[in-house]
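First up is the structure itself, then whatever we jot down about it.
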Amino acid sequence: MRRKLFLLLVVLTAFCSCTKKQDKEDALLSQMTLEEKCGQLTCPIGFNFYGKEGDSLWLADDFIGMMDTLPLGSCWAVLRADPWSRKTVETGLKPRESARLLNMMQRHAVENTRLGIPLLFCEETPHGHMAVGTTVFPTGIGQASTWNPELLEKMGEVMGKEVRLQGAQIGYGPVLDIARDPRWSRVEETMGEDPYLSGVLGAAVVKGMQKHVCATLKHLAAYGIPQGGHNAATVEVGPNKLMSDYLPSFEKAICEGGAKTVMTSYNTIDGVPCSANQWLLQEVLRKSWNFKGVVFSDLNAVNAIYATQHVATDPAKAAALALKAGVDIDLGGYNYGGFLKEALQSGLVTEADIDRAVRHVLQMKFNLGLFDNPYVDEALAEAEVGTKENAQLAKQVALESAVLLKNDGILPFDDNIKKVAVIGPNADNMYNQLGDYTAPQAPDRIVTMLEGIREKGRAEVTNAKGCAIRDESDANIDEAERIAKAADVVVLVVGGSSARDFKTSYEETGSAIVDNHISDMDCGEGYDRSTLKLLGKQEELMQRIYATGKPVVTVYIQGRPLNMNLAAEKSNALLTLWYPGMEGGSALADILWGDYNPAGRLPISIPRSVGQIPVYYSQPQTGDYVEESAKPLYPFGYGMSYTQFEYSNLQVETVSKMDTICKVTCQVKNIGTRDGDEVVQLYVRDEVASIAPASKLLKGFQKLYINKGENRQVIFYLTKRDLSVYSAEKGWHVEDGEFTVMVGGDSNTTNSTRISIP
């Protein structure tokens, strides 16, 4: 203990004697050995760093041994619970236990290492903290369907608070990859196909989270357009397209949202691994966007430079490439901890390279106040994580994420609906509605579609599963048909699932391995698709139910846009709830009976077939295919309401106020019989540009609640950046010429006018 106090006194003395040229991070850095520096840049998987039996918790030998030999700077996913970590509701940690454990680990770092540097704890937070007992929100694609940044900022604040109350300081999320290939397994995590929408919503989530923790933007960059839809596959995209389409969402979340950490992606861009891309991480991220925070690799991505991408001949060279490119922390792998010393001795890196990264990490720890108080109140974690109030917010996000795609008038249900048959593989399966990156849940915390409709108490409810998502042997369509015939209306719940189970195998990165085991899982990291058709006997079930002649409301629970052609043709009403989270069933029931007027809008186009991919609203216009239209089944921005809206009096006025170029106004009137929300969308097309222009680009949106009969004026302002084009030679710049300005309720239905610049 005396030795410990002496060492702390040495460090504190160094702090107190700092000159203007040597801040407190440099003072501590000057005391560190090379091994201690490498430890600060290493972030291993942490869910095996503890043991639990009953109420007893203890630190595992692996953690203690590592802290003795290579004092760690951070740990990832200590609190994670899922089949990969082998942690269940029973064997995982409840919120108070989580806070207790991280306090124990933090105390060990502070009291039992030479310099007493506190740990950073990093946790997955894409749609809620991935731990037992936390609040489960809709996945990213559902969040984006709300088109409501104010709501998502509140959601981000709850997610960040729940992470911080349990002792962690870094929340991994939001995912801002632009998703334009629905075959890719991680579409559900993203904010959709558009950089403007993703950037605005992502910045809102970041602002909310960073009231409590540091948000980590995932994944830099262009991860969502892999060749063949294969997760982590190479990406072929030029610099103009990369800067115009795939980086602006990150730029907005950093420059406007203030994101403090970023994670590199697994893929290569034009053959260069993102974790070894100096142009991306130094020129763009740090210099152009003035990013001052910490860069994480994705899990084992530094090792992948050597092991799978074959850009380096050995792990030391892989570590050197990543460090010099600008990756500060090696997540999961031990390339930095195990090979940076060798890289230094071989002249592949300098100690200045290592010090630069360590300084970023120490600066974040000081800014978080960890040197002053690294511990949390365990009682607060128990009282304020997973509350009823947080569940109500999860329900609101689920309500606003639901997109009504078709309605012949069957919705909302009236008093003549006395008997409802709830049918389908996703009608009463709680895990199928929660999405990937979700911890095991106590059943009483989740409201399934069937439970929500029953709890509504407005009709007699019957139920049949009919079939499974994938397993064709698990089917009883005859029973489903019999129940449907006896009902007044059928709610048919189909789609997909990202529900991991304990029979599934996983790669070292946590990505699920597709094997012969038939679970419901058809989506989630590692589950890429070659088609978008419904699997198993779902289409047979649908055909049989439609053939009964009963009114059918088809509901898709899904992580990616699946084929909806049959449902679009034969259903009386069609909804997608994506993966709606813990309150999905309550949200659906409110929508069915009209207690909530749906207002979700698609953040991604719904294709007619895989042959159309990529099909996104901003791509240049093309002709139709021989077999079918080139247009999507449902376009970006589309969504119906129980009322109708009329647009008129679109006007554009040129102004010269600082950065503003144009003022756009229009009138929106609710001409229906119900109050409701409309998402007013502003699009711009550059008619002629030096770089081939998009067909149109979203440049603004407002979600407005409009009473029936009310006429609202909507005002937008277009800035220089909104009307700019990017080229590698000139960067972002406005070119003279004509622009078409469009305002409407989706990307296809717009009023338009032309303006000239200057």
Side-chain angles (χ1 to χ4, degrees), residues 24-25 28-29 32 36-47 49-50 59 63 66-67 70-80 98-99 101-125 129-131 159-173 206 209-218 259-264 291-299 302 323 327-334 336-337 354-376:
K24 54 191 176 183
E25 295 91 15
L28 179 55
L29 189 61
M32 298 173 69
E36 287 167 336
K37 292 176 182 180
C38 293
Q40 287 299 305
L41 307 183
T42 300
C43 183
I45 299 169
F47 49 68
F49 280 173
Y50 70 93
L59 302 180
F63 172 73
M66 198 171 295
M67 295 301 290
L70 182 76
L72 299 172
S74 53
C75 295
W76 170 70
V78 175
L79 307 180
R80 178 171 177 150
S98 295
L101 173 68
L102 295 197
N103 279 343
M104 290 167 60
M105 295 177 70
Q106 199 68 276
R107 188 166 288 108
H108 184 88
V110 171
E111 297 181 1
N112 294 92
T113 62
R114 190 178 75 90
L115 295 177
I117 301 173
L119 288 160
L120 281 175
F121 291 110
C122 312
E123 293 290 314
E124 294 290 350
T125 323
H129 180 199
M130 192 180 176
M159 295 194 305
K161 183 179 181 181
E162 291 195 346
V163 169
R164 190 69 191 97
L165 284 169
Q166 295 173 87
Q169 308 87 15
I170 309 285
Y172 285 171
V206 168
M209 288 180 65
Q210 292 198 159
K211 293 174 184 178
H212 302 283
V213 298
C214 297
T216 302
L217 305 182
K218 300 165 66 175
K260 292 183 171 64
T261 67
V262 169
M263 179 181 291
T264 60
F291 178 72
K292 300 296 185 184
V294 170
V295 177
F296 288 87
S297 74
D298 205 338
L299 185 62
V302 174
L323 184 73
V327 174
D328 297 314
I329 294 181
D330 177 14
L331 176 59
Y334 293 96
Y336 281 7
I354 296 173
D355 287 353
R356 180 196 65 215
V358 175
R359 189 175 291 107
H360 291 155
V361 176
L362 295 178
Q363 184 178 49
M364 175 161 287
K365 292 182 178 184
F366 277 108
N367 290 341
L368 285 165
L370 291 181
F371 285 91
D372 299 320
N373 181 17
Y375 308 113
V376 293

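Between Met104 and Tyr50, every side-chain heavy-atom pair lies at or beyond the 4.5 Å cut-off. Considering only heavy atoms from C-beta on, Leu79 comes within 4.5 Å of Leu102 through its side chain. For the pair Ile170 and Met364, the minimum side-chain heavy-atom distance is below 4.5 Å. Contact of the Asp328 side chain with the Thr261 side chain is not registered, since no non-hydrogen atoms from C-beta on lie closer than 4.5 Å. Residues Pro374 and Val110 are in side-chain contact: their nearest non-hydrogen atoms beyond the backbone lie under 4.5 Å apart.
Between Phe296 and Tyr172, the two ring planes are perpendicular [angle over 60°; tilted spans 30° to 60°].
Residues satisfying the side-chain hydrogen bond (donor to acceptor under 3.5 Å, both in side chains) criterion with Gln40, sequence neighbours excluded, are Lys365. Partners of Ser297 by side-chain hydrogen bond (donor to acceptor under 3.5 Å, both in side chains), not counting sequence neighbours: none found. Annotation: side-chain hydrogen bond (donor to acceptor under 3.5 Å, both in side chains) contacts of Glu36 (sequence neighbours excluded): Thr33, Arg114.
Taking every heavy atom of both residues into account, Gln169 and Val213 meet most closely at O-CB, 3.2 Å. Nearest approach of Ala215 to Gln210, heavy atoms of both residues: N-OE1, 3.1 Å.
Not one N or O on the side chain of Ser74 forms a donor-acceptor pair closer than 3.5 Å with the backbone of Leu119. Without hydrogens or angle criteria, Thr42 side chain to Gly337 main chain gives a donor-acceptor distance under 3.5 Å. A donor-acceptor pair under 3.5 Å links the side-chain atoms of Asn103 to the main chain of Val376, judged by distance alone. Side chain of Glu111 to main chain of Ala109: no donor-acceptor pair is present (N/O by atom type, distance under 3.5 Å, no hydrogens or angles). Arg164 places no side-chain N or O within donor-acceptor distance of the main-chain N or O of Met209, the cut-off being under 3.5 Å.
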Problem - Met32/Val358 under side chain to side chain contact (heavy atoms under 4.5 Å, CB included): CA gap, chis, key distance, verdict - result: CA-CA 10 Å; Met32 298 173 69; Val358 175; 4.2 Å; yes
Exercise for the section: Take Val361 and Leu41 through the side chain to side chain contact (heavy atoms under 4.5 Å, CB included) test and state the conclusion after the steps. Expected result: CA-CA 8 Å; Val361 176; Leu41 307 183; 4.1 Å; yes
Exercise for the section: For Phe49 and Leu72, run side chain to side chain contact (heavy atoms under 4.5 Å, CB included): C-alpha distance rounded to whole Å, both residues' side-chain angles, the deciding distance at 0.1 Å, then the answer. Expected result: CA-CA 12 Å; Phe49 280 173; Leu72 299 172; 4.1 Å; yes
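Expressed to the nearest 0.5 Å, how far CZ of Phe121 lies from CE of Met105 amounts to 4.5 Å. Annotation: the span from Tyr336 atom OH to Lys37 atom NZ amounts to 15.0 Å, rounded to 0.5 Å. The NZ atom of Lys292 sits 8.0 Å away from the NE2 atom of His360 when rounded to the nearest 0.5 Å. Rounded to the nearest 0.5 angstrom, Leu370 CG and Ile117 CD1 are separated by 11.5 Å. Atoms CG and NE2, on Leu368 and His212 in that order, are 13.0 Å from each other to the nearest 0.5 Å. Atoms NE2 and CE, on His108 and Met67 in that order, are 6.0 Å from each other to the nearest 0.5 Å.
The only option from Arg80, Glu123, Glu124, Glu162 that meets the side-chain hydrogen bond (donor to acceptor under 3.5 Å, both in side chains) definition with His129 turns out to be Glu123.
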